[in-house]
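One structure is given here, and the rest of the page talks about it.
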Amino acid sequence: MSLSEYKGRQNVVLVFFPLAFSPVCSHQLPDLPKDLSRIESLGPVVLGVSADSHYAHEAFARSLG
């Protein structure tokens, strides 16, 4: 679904994050799952936005366990 398809249907929380393995991603992004269910219970969908490739995301996810 494209972002424009949510317009008027559901609120969206966009989570922008820089490069995988950067200090911001390594220290702040892992905290998101702790609050994700609470955020989603309020109604919005949470979407992540990154310039990384899916290969970088897979490696980053593996490194976080």
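Given the structure is predicted, the values throughout are model-derived calculations rather than measurements.
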Output a table of donor-acceptor pairs, distance under 3.5 Å, between side-chain atoms of residues 57-65 and any protein atom two or more places apart or on a different chain; print 'none' if there are none.
unit_1, atom_1, unit_2, atom_2, d
Ser63, OG, Phe60, O, 2.7

Distance-only donor-acceptor pairs under 3.5 Å for side chains of residues 6-15, two or more places apart:
unit_1, atom_1, unit_2, atom_2, d
Arg9, NH1, Glu5, O, 3.3
Gln10, NE2, Gly43, O, 3.0

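Taking the side chain to side chain donor-acceptor pair (under 3.5 Å) definition, one finds that Lys34 meets it with Asp31, sequence neighbours left out. Residues satisfying the side-chain contact (heavy atoms from CB on, under 4.5 Å) criterion with Ser4, sequence neighbours excluded, are Ser2.
The hydrophobic clustering, which links ILVMFWY residues whose side-chain heavy atoms are closer than 4.5 Å, places Phe16 and Val45 together.
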